[in-house]
Structure formats: C-alpha cells, structure tokens
Amino acid sequence: MMEDSPASNFLQNIVSEDLASGRVAEVVTRFPPEPNGYLHIGHAKSISVNFGLAEANGGRCHLRFDDTNPEKESQEYIDAIQADIRWLGYTWDGEVRYASAYFQQLYDWAVYLVEQGNAYICDLSPEEAREYRGTLTESGRNSPHRDRSVEENLDLLARMKAGEFDEGARVLRAKIDMSAPNVNLRDPILYRIRKVSHHQTGTDWVMYPTYDFAHGQEDAIEGITHSICTLEFEDHRPLYDWFLEHLPVTGRPRQYEFGRLNPSYTITSKRKLKQLVDDGVVGGWDDPRMPTVAGMRRRGYTPAAIRKFCDMIGTTRGDGVVDVAMLEFAIREDLNDNAVRGMCVLNPLKVVLTDYPQDKLEELSVAAHPNRDDLGSRVLPFTRELFIDADDFRAEANKKYKRLVLGKRVRLRNAYVIEADEVIVDDEGNITAVHAHTIPGTLGENPADGIKPKGVIQWVSASHGKRAEVRLYDRLFNHEAPDKGDNAFMDYINPDSLNVVHAAWIEPSLAAAVAEQGFQFEREGYFVADRYDHSPDKPVFNRTIGLRDTWNNG
RNA sequence: UGGGGUGUCGCCAAGUGGCAAGGCACCAGGUUUUGAUCCUGGCAUUCGGAGGUUCGAGUCCUCCCACCCCAGCCA
C-alpha cells in the first residue's frame with residue numbers, strides 16, 4: 001500500500017513553499033461558518049481542505065463561528081455544526097472561537113481608522129447609498145458626508161454605539177475610492193446598526209461589523225496563516241488586505257480561494273435548502289435526501305466516504321459540476337469493504353418447500369462478509385416457508401432472466417438450490433405463493449446432477465424472519481443542475497424521492513442492528529439502521545445507495 | 001474600452017518547454033452461491049480558437065471566443 005501523501009493541489013504547493021521559505025513557521029487554517037444553517041456537502045469540502053491542509057503539514061485548524069449578523073443566526077446551528085464536524089472526524093485546535101468575541105477589538109480598530117482619517121460616518125439611506133455607489137461600468141460618487149471631521153466622526157461613532165440612532169440611519173464606512181473599478185472598494189460599509197439581541201453577546205451591541213471589516217482581522221487575531229475561502233470572495237481580497245495594512249494588527253494572514261463544490265442533481269444554497277425544510281418538502285435539515293452533513297449521516301453515508309470523495313475531486317480554482325456518481329462511488333466503495341451483509345425481502349412472495357418438513361429448522365451459520373473473515377458470521381434460520389422477492393419469480397421467462405422460473409432452479413443465497421413446481425393463484429389471478437422443492441445435497445455444494453442454477457436470490461424465513469420498515473430514497477431532484485436559475489429548483493423535485501416499504505422482511509439478525517449501523521442487503525443495496533427511529537422491536541432501515549446495476553434490460 | 005476569474009476525454013483532474021497521469025462514467029471479456037465485488041482490456045495524434053516564438057508548446061507571446069463571480073446596511 002502506498003503512503004497516502006497529501007493530495008497535490010495548488011494550496012498544498014503554496015503551503016509547501018511558505019514552509020520552505022520560512023514565511024510561516026506553522027500552518028494555521030480555520031473553518032469559519034456563519035451559524036445560519038446546517039453544514040452541507042460544500043462545507044464538508046471546505047472542512048476537508050482546511051483541516052486537511054493543517055493535518056498534512058503538522059499545523060492547526062481553528063473552528064470559528066463568523067457570527068457578525070445575529071438576525072439569521074442561532075444556537076441550534078452552532079450546536080449542529082460542531083456535531084457535524086466531529087462526526088466527520090475532525091478536531092479543531094483549542095476552544096471553539098467566535099467572531100463576536102472580538103467585537104470590542106474590532107470596534108477599537110474602527111475608532112483607530114476614524115482617527116487616521118480612513119473611515120467616516122455616512123448618513124445616506126440604503127437606497128441613496130446604492131445610487132451613490134455607481135454601477136459595474138460607471139464610477140460612484142462621494143458621499144456628502146465623506147469629509148466630516150475626525151472629531152465629528154468620533155462623536156457620531158460613539159453615539160452610534162450608544163444606541164442613539166435608528167437602524168439604517170447611519171453606517172461607518174471606510175474611505176477608500178468611490179471610483180474604484182472593484183465595487184468592493186467604493187467606501188465599503190464597516191458597521192451597520194442592528195438593534196437585535198445576539199446569541200453570544202446578548203444586547204451588548206446595537207451595531208455589528210460586516211464580513212469585510214471582520215474576517216481578515218479575525219484571522220490576524222488568531223494567527224491564521226492561510227485563510228482559505230471560495231472563489232466568490234476573490235474580489236474581496238483587496239479589501240481584506242487593505243484593512244490589514246491600515247490597522248495595527250500583528251498577524252499577516254493571506255487569503256486564497258478555491259472553486260466551490262457543485263455536485264450534480266443537488267443544491268448547495270443554504271437559502272434554498274432552508275426553503276425545502278420550511279416548505280415541508282423534506283422532513284428537516286437532516287432528512288436523508290438532504291445534501292447536508294446531518295442528512296448524509298442519516299442516509300448512511302460514512303465520514304470516510306465523504307472524506308474520500310473530497311479527496312477524489314481535488315481542490316482547484318475551477319467551478320464545474322461534479323458528477324454525483326463520484327460521491328456514490330465513494331460511498332459504495334467504503335460500504336462494500338466494511339458493511340456486514342444481510343438478507344431483506346422488500347416485496348414478499350411466499351415460497352413453500354413442499355419436501356421440507358413442517359417443523360424442521362436448520363440454523364445455517366454464514367459469513368457476515370464474503371471476504372472479511374474478521375467480521376465473523378451470522379445465523380440464518382431455514383424453514384419450510386420462506387419469502388422471496390416477487391420480482392425474483394416468473395412463471396416463464398427468457399434465458400436472460402437469472403432468477404426463479406417455474407420448472408427451473410435457482411440458488412437460495414447461503415442455502416439450498418430449489419426448483420419451482422407450481423404457482424398458487426387466488427380468485428383474481430394474483431400469485432399468492434409458489435410451491436417448490438429443494439435439491440438434496442446442495443447446501444454449500446453444486447447439484448449432483450450437474451444442473452447448476454443460473455442465479456442466486458435472497459430469502460427470509462417466513463416463520464423466523466422479522467418485519468421491518470424500509471425507506472427507499474432516491475435523488476431529491478431530477479434535474480442535473482437544479483441550482484441554476486432562481487427558484488426553478490422547486491420544479492425539479494423528484495416526486496419519487498422517497499418510497500416507504502412498511503412491511504419488508506429481514507433476516508432475524510438484522511433486527512439487532514444498532515442505530516447508524518450500515519449493511520449491505522444483498523442484491524438490494526446498502527442500508528443503515530435509522531439513527532432515530534430504529535429499534536429491535538420496530539426495525540427501520542434507510543437505503544443509503546443501491547448496488548451498481550448493469551442488468552439494464554429486464 | 002468596468003473589474004476579477006476559469007477554459008486538458010461525457011464528469012473531476014495531473015501536467016510549470018521535451019513528445020497527454022489517474023479517478024468517475026461508459027464499453028468488451030473473465031471469475032463469482034450478491035446480475036455486487038474482484039480481474040483483464042478499451043476509451044484525448046490532442047489540450048477553447050487563430051496566429052507567432054522554438055529543433056521542439058497543453059506549457060512562452062499576440063489577438064479572439066466562451067463561461068463564472070461582483071453594484072446586500074448577507075456571508
């Protein structure tokens with residue numbers, strides 16, 4: 001096995017050079033979510049990049065809540081985000097950090113900027129400010145308040161902090177350049193008045209710093225060396241640097257951007273994900289169909305698979321759409337290697353083995369995994385009456401059909417080869433049962449007469465099997481790029497994204513599964529015992545992902 | 001004639017002037033008590049386009065084209 005050296009990517013190259021040249025002695029990164037929603041697959045990528053870069057280079061990674069806009073944030077999100085990061089298997093350095101813990105320092109720096117003549121209080125209304133800002137192709141105009149004296153600005157700023165002004169009445173702005181081609185540099189807003197309680201600081205503040213005035217300084221305070229974000233912040237980098245240059249900060253972090261992850265058939269806009277939750281399209285942020293970390297967890301995806309996927313797709317400055325098939329591959333690979341096997345019949349059809357004694361019971365000991373002896377074995381009760389899947393029987397079929405057919409043989413997985421003799425039909429012509437007989441001596445052996453069955457099917461003892469609820473999930477959207485356009489994503493909801501089988505049959509050992517344990521139900525796919533609803537008395541499994549299926553002309 | 005980015009196989013992605021890695025997907029075989037796994041083989045005379053420099057260019061230069069981001073008192 002090759003040593004898994006850190007995947008080569010442009011960020012690793014930068015870090016390597018910085019370490020080699022001595023620009024930094026240690027790599028310190030940070031994952032800085034705003035607690036305004038649950039983490040999704042895109043965040044998982046960012047976490048993988050930030051924690052991964054630190055891990056691979058003997059550095060550290062901080063977890064910092066970028067909580068500068070209390071209106072949309074909450075403690076619920078803070079708790080969920082921490083749980084998700086831990087579940088993914090990452091450990092942040094030291095305590096959890098909060099941008100809000102730096103509010104006083106940030107305010108002091110705002111005062112400093114005013115004193116230096118680099119910031120001013122502006123009384124323009126939001127509408128006026130927009131008008132003064134100009135457009136992408138036309139220069140902006142200076143605010144009429146741009147040349148207030150330092151004294152007046154200091155007084156106004158203090159009164160703003162004291163709560164004398166209404167929301168929207170005034171803002172603090174940096175004095176940069178209203179004609180800058182980069183719109184972010186046209187006297188950006190540093191502070192806005194928001195008379196709302198903050199989940200961390202309560203009512204201590206009535207004004208809050210904007211992302212631009214906070215982020216770089218937070219990084220500097222924490223000694224972050226490489227501040228990694230996504231591409232859309234690229235235009236903010238000049239501003240990020242401007243503050244670091246004009247403020248008496250000690251650290252000198254640098255911002256680098258990489259391309260956002262966009263898996264096909266999924267949405268990664270927090271606003272849209274929230275809408276799915278609020279509109280009841282899904283059961284919640286952790287609905288197994290959601291691309292959230294909590295949703296993927298409940299779906300049965302594993303941390304190892306998610307991390308593998310993040311490594312597979314690389315880290316670049318491109319902004320393409322990654323085929324979800326890659327994510328699915330990572331999930332299947334991990335589960336195939338590690339999940340215990342079991343048998344489950346989703347659409348039961350009774351099979352009566354007419355030659356098998358009514359009261360006979362054989363307890364077959366079979367491998368838990370086809371090529372992992374270390375995973376042990378399980379016991380399968382074999383009896384006269386069994387259930388097989390209705391799709392695995394046909395009165396007649398062509399030779400491509402490798403399952404049970406009247407007058408033909410099939411191997412019952414881990415048990416006997418049987419041959420179908422008769423179809424039992426009810427008054428309306430529906431098949432209610434199949435009568436069959438076993439081929440003697442076929443337990444672990446091929447038929448003595450040399451007539452090998454063409455196929456193998458799963459089964460569950462009708463008398464010893466357990467009932468279970470099985471939730472079959474499929475992709476939430478039936479459009480490759482549902483995120484394109486404004487609200488079109490609601491039109492692309494897959495109406496068949498959830499199909500609940502209320503009375504499936506599972507082999508008895510599966511009922512003992514512990515919540516979140518993953519299995520492969522042979523020939524059906526990978527399933528996980530539901531994190532919340534599963535219990536031995538009332539087993540509930542979620543389909544994580546189907547098996548790869550190349551039998552495409554049934 | 002606003003600024004900033006990105007363009008290498010259907011998708012992701014190596015490649016940093018020397019003769020186009022790899023993965024996913026797909027196709028064709030083989031093994032198989034899972035139509036799974038596994039194994040073998042196939043899959044870019046060509047790198048957005050056109051010129052140019054060079055013995056030699058995906059890599060350098062010029063021009064052009066396409067797509068993405070930015071005009072929140074969101075992040």
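Just so it is clear, the structure is predicted and the values come from calculations on it, not from any experiment. Order of the sequence lines sets the chain letters (A, B, ...), proteins ahead of strands, with each chain counted from 1.
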Give A/Q520 one of three labels, base, sugar-phosphate or nothing, depending on what nucleic acid heavy atoms sit under 4.0 Å from its own.
base
May I ask you to verify whether the side chain of A/R403 and the base of B/rG35 hold a donor-acceptor pair under 3.5 Å?
yes
Among B/rC12, B/rU16, B/rU34, the nucleotide that comes nearest once only the side chain of A/N13 is considered:
B/rU16
Are A/R332 and A/D337 ion-paired here, with the side-chain N under 4.0 Å from a carboxylate O?
no
Between B/rG35 and A/W551, is there a base-stacking contact, meaning the centre of the base's six-membered ring lies under 5.5 Å from the residue's ring centre while the planes stay under 30° apart?
yes
In Watson-Crick or G-U wobble terms, both distances under 3.5 Å, what is the partner of B/rA28?
B/rU40
For B/rA36, take OP1 and OP2 only and decide whether either is under 4.0 Å from a side-chain N or O of A/T550.
yes
Using Watson-Crick or G-U wobble geometry with both distances under 3.5 Å, which nucleotide pairs with B/rU62?
B/rA50
Tell me whether the side-chain N or O atoms of A/E524 pair up with the base of B/rU34 as donor and acceptor below 3.5 Å, since no angle test is needed here.
no
Classify the nucleic acid contact of A/R548 as base, sugar-phosphate or nothing, counting any heavy atom under 4.0 Å across all strands shown.
sugar-phosphate
For A/P33, which contact category applies under a 4.0 Å heavy-atom criterion: base, sugar-phosphate, or nothing?
nothing
With a 4.0 Å cut-off on heavy atoms, is A/G525 in touch with a base, just the backbone sugar-phosphate, or nothing at all?
nothing
At 4.0 Å (heavy atoms only), tell me whether A/F329 reaches a base, stays on the sugar-phosphate, or touches nothing.
sugar-phosphate
Opposite nucleotide pairing with B/rC73, Watson-Crick or G-U, both atom distances under 3.5 Å:
none
Which parts of nucleotides 67-72 of chain B does protein reach within less than 4.0 Å, heavy atoms only, written one letter per nucleotide 5' to 3' as B for base, S for sugar-phosphate only and - for none?
-SBBBS
Would the A/F527 and A/F521 ring centres measure less than 6.0 Å apart?
yes
If you look at every strand shown and take non-hydrogen atoms under 4.0 Å, does A/N69 touch a base, only sugar-phosphate, or nothing?
sugar-phosphate
Looking only at B/rC12, B/rG5, B/rC73, the nucleotide nearest the A/I313 side chain is B/rC12
Is there a donor and acceptor pair closer than 3.5 Å between the side chain of A/R341 and the base of B/rU34?
yes
Tell me the interatomic distance from A/R411, atom CZ, to B/rA36, atom C1', rounded to whole angstroms.
17 Å
Can you identify which nucleotide, out of B/rA36, B/rC74, B/rG10, has its nearest atom closest to the A/D323 side chain?
B/rG10
Sub-6.0 Å ring centroid separation between A/W459 and A/F382:
yes
Counting only Watson-Crick pairs (N1-N3 plus N6-O4 or O6-N4) and G-U wobbles (N1-O2, O6-N3), all under 3.5 Å, who is the partner of B/rG17?
none
For A/E218, is there an ion pair with A/R97 - N to carboxylate O distance below 4.0 angstrom?
no
Using a heavy-atom cut-off of under 4.0 Å over every strand shown, decide if A/M312 touches base, sugar-phosphate, or nothing.
sugar-phosphate
Do the ring centers of A/H215 and A/Y211 come within less than 6.0 Å of each other?
yes
Are A/E419 and A/R409 close enough for a salt bridge, meaning some N to O gap below 4.0 Å?
yes
What nucleotide among B/rC24, B/rU34, B/rA13 has an atom nearest to a side-chain atom of A/T316?
B/rA13
Min side-chain heavy-atom separation A/W205-A/Y208 under 4.5 Å:
yes
Looking at A/K408, I want to see if its NZ is surrounded by more than 12 non-hydrogen atoms of other residues, nucleotides or ligands under 6.0 Å.
no
Taking any heavy-atom pair under 4.0 Å as a contact, classify A/V417: base, sugar-phosphate, or nothing.
nothing
